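This report refers to the structure that appears directly beneath it.
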Amino acid sequence: MDIDILIKNGLILHFDKETQTESIAISNGKILEIGKNLDRKYQANRIIEAENKIVIPGFVNTHTHAAMSYFKGLADDLPLHEWLSQHIWPAEAKFLSPEFVEDASLYGCAEMIKNGITCFNDMYFFGDQTAKSAEKVGIRAVLGEGVLDFSAANHKNADEILSLINEMHQKYLDNQLIDFAVAPHSIYTCGKANLIKARDLANKLGLLVHIHISEAKQEIEDSLTKNGVRPVEYLHSFGFFEGDTIAAHAIWLDEEEKLILAETNTSVAINISSNLKLACGFMSLKNYIDKGINLSIGTDSVASNNNLSIFQEMSLISKLQKSINEDPTLLPAKDILQIATLGGAKALGKSNMIGSLETGKRADIILVDVQNIQAQPLYDPFSQLVYSLNSENIKDVIVNGKIVMLDRILVNIDELELIEKAKYYQNIIKKFNNG
Ligand SMILES: [Zn+2]
């Protein structure tokens with residue numbers, strides 16, 4: 001039987017059984033079979049020799065703003081509000097256009113593939129442009145169009161955004177890589193009426209809702225003053241969590257709020273690098289895990305992170321949690337890798353499709369090189385991935401059964417062109433930022 005790709009003799013990582021040397025047969029975008037000696041059974045159009053590689057599911061990044069890639073390093077080491085109001089928002093007001101978003105997203109999608117991210121959950125504007133860029137690079141994306149009470153980018157008001165989401169959803173209905181989502185930005189930029197409209201539209205179309213919740217302490221104080229209750233309780237009071245929801249950050253939650261997230265099956269996107277860098281705070285995840293809240297990993301934008309390394313996020317989360325809970329057994333390497341892959345897939349309602357290496361799932365796969373000084377000796381591949389390796393060790397990336405990076409070279413786009421364009425934008429943004 002003819003197949004598209006055979007990943008031959010790699011160390012295939014499973015969450016539910018032992019890691020062993022096996023091969024993966026890929027056909028029509030899906031994992032057809034995982035097993036030994038598959039080269040005898042199938043005729044592959046393409047064989048990837050994986051003898052010195054660990055093969056894992058692609059990372060699922062559950063909180064991004066891909067089009068902010070040109071703002072990486074524009075302003076750092078500032079408090080959240082000053083960073084936003086004096087640098088990021090003015091730059092966005094000046095530069096946001098369909099063309100800018102398409103270019104910047106293309107760069108962001110390329111950078112994600114280089115970091116082994118095969119699916120991302122975005123929140124921004126001009127989702128149609130980000131969709132084009134994601135398709136061009138060949139990455140899977142859930143694109144949350146930002147809903148705000150006021151005008152932003154090309155939208156006059158929330159109603160316009162909501163009808164645009166409806167339009168985009170219909171347009172990409174048959175697209176295997178792209179989904180749209182409804183992304184009310186936060187409770188401080190989106191009032192109750194629009195939050196309810198956002199939820200209703202999402203439920204009507206069967207879409208995910210993606211929102212920032214309790215990233216900074218101030219949001220809790222403001223909610224108590226304005227609504228008399230904390231942010232999660234406020235949202236819960238009008239049924240906001242009745243439907244698939246992903247809460248980005250969710251740092252400053254009390255016990256009651258965590259119970260609400262658990263009971264409503266709301267997933268959390270942890271954004272540890274961004275939160276630590278902006279000194280927004282961090283939570284102990286032990287309680288979230290004990291309550292059964294589904295956890296996933298987001299990078300946030302490169303403007304606040306400032307990179308897209310899931311290896312870094314995994315390592316940081318695991319070490320921080322061990323340390324603050326004074327428990328080195330907490331979040332072992334296998335668990336954190338599962339959060340970065342299957343946890344993300346669950347958060348996006350796609351765990352039957354992606355997030356682990358299983359027959360029948362879409363082939364979103366990354367191959368990590370272990371024939372290098374950093375990677376040996378190799379006792380436990382999970383430990384190596386979380387504590388020793390980095391994105392540079394990721395050699396090949398497959399999304400939806402198509403190779404999008406081979407031996408660290410992006411297959412669908414010209415990297416030099418991307419770099420030159422980033423330099424061009426850097427010059428004009430720098431001039432503006434310096435005022
Ligand atoms: Zn964000």
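No hydrogens, no waters, no symmetry mates; every other heavy atom, side chains included, goes into these values. Nothing here was measured: the structure is a model prediction, and the numbers come from that model. Whatever order the structure lists ligands and atoms in, that order sets their numbers, starting from 1.
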With under 30° as parallel and over 60° as perpendicular, where do the rings of Phe95 and Phe100 fit, or are they tilted in between?
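Plane angle under 30°, so parallel.
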Would you call the rings of His63 and His212 parallel, tilted or perpendicular if under 30° counts as parallel and over 60° as perpendicular?
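It falls in the perpendicular class, over 60°.
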Please determine whether ring pair (Phe, Tyr, Trp, His ring centres under 6.0 Å) holds for the pair Phe59 and Phe311, giving the CA-CA distance in whole Å, both sets of side-chain angles, and the decisive distance to 0.1 Å.
CA-CA 10 Å; Phe59 294 128; Phe311 282 106; 5.6 Å; yes
Please find the N/O/S atom of His63 nearest to the Zn ion (ligand 1) and write down its name.
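The closest N, O or S atom of His63 to the Zn ion (ligand 1) is NE2.
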Considering all heavy atoms of both residues, which atom of Lys291 and which atom of Asn287 are nearest to each other, and what is their separation?
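What the structure gives for the nearest pair is NZ-OD1, 2.8 Å.
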Hey, what's the angle at the Zn ion (ligand 1) spanning NE2 (His65) and NE2 (His212), nearest 10 degrees?
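Between NE2 of His65 and NE2 of His212, the angle at the Zn ion (ligand 1) is about 110°.
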Do you see an N/O/S atom of His249, backbone or side chain, under 2.8 Å from the Zn ion (ligand 1)?
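No, since none of the N, O or S atoms of His249 sits under 2.8 Å from the Zn ion (ligand 1).
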